[in-house]
Asks: 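Let me begin by handing over the structure; questions about it come next.
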Amino acid sequence: MPELPEVETIVRGLRAADNIIGKTIINSRVLWQRSLAVPLFDDFQQFINGQQVLDVIRRGKFIVIKLTRQSLLIHLRMSGDIFVESGETSRNNKHDRVILEFSDGSRMAFNDTRKFGRVWLVDDPQMVFGKLGQEPLEDSLTSELFFEKLSRSKRQIKPLLLDQTFLSGLGNIYTDESLFLAGIHPSTPANAIVFEKAELLLKAIREVLLEGIKRNGASIDWVYRGGDFQNYFKVYQRDGKPCQRCGTSVQRITIGQRGTHFCPHCQPEIA
DNA sequence: CCTGAAACCTGTCTGC
DNA sequence: TGCAGACAGGTTTCAG
């Protein structure tokens, strides 16, 4: 599920719809030990009990739950999801990995089919995301700064955008969609992108992320949470179908072990 | 510094 | 129907 817009959608839900702010944790259950990055199970349970949820924010693809004394960080990786509920659950809870129980009888479940997701309970979040790159939606990232960052790397633009130490929050879908909007071939060397194109790319990244957030993220495969951005993909998983701009068949190639979708006509090789 | 491959996992879909 | 293989929204680690 999880790129910046999906994580943002979940965080907003935890602040509003599911509102866990103000709740006190009275018990925790860890059903899959390796979902816990740190600390070990005994300490986790001991430390978290009694702490109250003060706030929930997002940093990159991390969900940050600020507690009385510490922070609970959750990274959903490929298949993680969060559910808040009370009473008997009606959903499929087969893949619940970590559950927090609140004093009002409700609970929050971290569900993760593929078990790639991780949970950290730490004093200082910086310990976990110290090297994370800038938030793409923040104004402090100017076109000039973005262009300068690009010009310092000769890596292919797609793997660079996926690198969370370069920018934080972009994943496979939003990267492909952004490169399409900007008309840049995914294997273009970053330092071959001229200023005007860099400016266009930053604008495209923001446009795609904001639309994703507006549509509550994308729901694909067997995971559905209400988001419908999947109905507005221009290239992602549209290989073989005509490009909506020029009609050329959208192509799928592999770059950096990731499926990569682009229009050969609108995104010519050489920036 | 860069790239590619493998690992961590479960589930779905396609083709024979 | 069965079964092999490819593939999936991510990240880390290691070899070259």
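Every chain is numbered from 1, with letters handed out A, B, ... down the list of sequences.
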Asks: Both atom distances under 3.5 Å, Watson-Crick or G-U wobble: I'd like the secondary structure of DNA chain B as a dot-bracket string, with | for pairs made across strands.
Replies: .|||||||.|||||||
Asks: Looking at dG9(C), dG10(C), dC2(B), which one has an atom nearest to any side-chain atom of E6(A)?
Replies: dG9(C)
Asks: Is F116(A) stacked on the base of dT11(C), with ring centres under 5.5 Å apart and planes under 30° apart?
Replies: no
Asks: Measuring to OP1 and OP2 of dG10(C), would you say a side-chain N or O of R258(A) lies under 4.0 angstrom away?
Replies: yes
Asks: Check the distance between dG10(C)'s C1' and F110(A)'s CZ and give it to me in whole angstrom.
Replies: 12 Å
Asks: Just by modelled atom types, is the A190(A) backbone N or O under 3.5 Å from a matching donor or acceptor in the Q156(A) side chain?
Replies: no
Asks: Nearest-Å distance, CG (N111(A)) to P (dC9(B))?
Replies: 16 Å
Asks: Might you work through the side chain to side chain contact (heavy atoms under 4.5 Å, CB included) test for K23(A) and S106(A), ending with a clear yes or no?
Replies: CA-CA 9 Å; K23(A) 295 190 179 188; S106(A) 64; 2.7 Å; yes
Asks: Could you give the distance separating dC3(C) and dC8(B) at their C1' atoms, to the nearest angstrom?
Replies: 24 Å
Asks: Roughly how many Å apart are dG9(C) and dT3(B), using the C1' atom of each and rounding to a whole number?
Replies: 23 Å
Asks: Tell me the interatomic distance from R252(A), atom CZ, to dC7(C), atom P, rounded to whole angstroms.
Replies: 5 Å
Asks: Would you mind reading off the distance between L76(A) atom CG and dA8(C) atom C1', rounded to a whole angstrom?
Replies: 15 Å
Asks: Rounded to whole angstrom units, what separation is found between the CG atom of L161(A) and the P atom of dC2(B)?
Replies: 14 Å
Asks: Run the side chain to side chain contact (heavy atoms under 4.5 Å, CB included) test on T175(A) and V208(A) for me, step by step, so that the C-alpha distance in whole Å, both residues' side-chain angles and the decisive distance to 0.1 Å come before the verdict.
Replies: CA-CA 9 Å; T175(A) 299; V208(A) 167; over 6 Å; no
Asks: Output the rounded distance in Å from CZ (R97(A)) to P (dC8(B)).
Replies: 16 Å
Asks: Under 4.0 Å from OP1 or OP2 of dT11(C): is there any side-chain N or O of Q164(A) that close?
Replies: yes
Asks: What distance, rounded to whole Å, do you find between the two P atoms, one in dA5(B) and one in dA6(C)?
Replies: 14 Å
Asks: Establish whether the base of dG4(B) is bridged to the side chain of Q257(A) by a donor-acceptor pair shorter than 3.5 Å.
Replies: no
Asks: Give me the distance, rounded to whole Å, that separates dA6(B) from dG5(C) when you measure between the P atoms they each carry.
Replies: 15 Å
Asks: Tell me whether the side-chain N/O atoms of K115(A) come closer than 4.0 Å to OP1 or OP2 in dC8(B).
Replies: no
Asks: With a cut-off of 6.0 Å (strictly less than), are more than 12 heavy atoms of other residues, nucleotides or ligands near NE2 of H265(A)?
Replies: no
Asks: Between dT3(B) and R155(A), is there an OP1 or OP2 to side-chain N/O distance shorter than 4.0 Å?
Replies: yes
Asks: With respect to the phosphate group of dG9(C), does any side-chain polar atom (N or O) of Y236(A) fall under 4.0 Å of OP1 or OP2?
Replies: yes
Asks: Would you mind telling me which of dG11(B), dG9(C), dC9(B) lies closest to the side-chain atoms of R114(A)?
Replies: dC9(B)
Asks: Quick one: are the ring centres of Y174(A) and F229(A) less than 6.0 Å apart?
Replies: yes
Asks: Quick one: is K94(A) getting a side-chain N or O under 4.0 Å of the dT10(B) phosphate, OP1 or OP2?
Replies: no
Asks: Considering only the P atoms, how many Å lie between dC9(B) and dT13(C), rounded to the nearest integer?
Replies: 15 Å
Asks: Check this one for me: any side-chain N or O of H95(A) less than 4.0 Å away from OP1 or OP2 of dC9(B)?
Replies: no
Asks: Out of dT11(C), dG11(B), dC2(B), which nucleotide sits closest to the side chain of T113(A)?
Replies: dG11(B)
Asks: With hydrophobic residues grouped by side-chain heavy-atom distances under 4.5 Å, do I213(A) and L167(A) end up in a single group?
Replies: yes
Asks: Give the rounded distance in Å between these two atoms: CG of L160(A) and C1' of dG4(B).
Replies: 17 Å
Asks: Just to confirm, is there a sub-4.0 Å distance from OP1 or OP2 of dC1(B) to any side-chain nitrogen or oxygen of K154(A)?
Replies: no
Asks: May I ask you to say whether E6(A) pairs ionically with K61(A), meaning some side-chain N is under 4.0 Å from a carboxylate O?
Replies: no
Asks: May I ask you to say what R34(A) touches in the nucleic acid, namely base, sugar-phosphate or nothing, with a heavy-atom cut-off under 4.0 Å?
Replies: sugar-phosphate
Asks: Looking at F262(A) versus F180(A), is the centre-to-centre ring distance below 6.0 Å?
Replies: no
Asks: At what distance, to the nearest 0.5 angstrom, does OG1 of T260(A) lie from CG of L162(A)?
Replies: 8.0 Å
Asks: What is the distance, rounded to the nearest whole Å, between atom CG of D176(A) and atom P of dC7(C)?
Replies: 15 Å
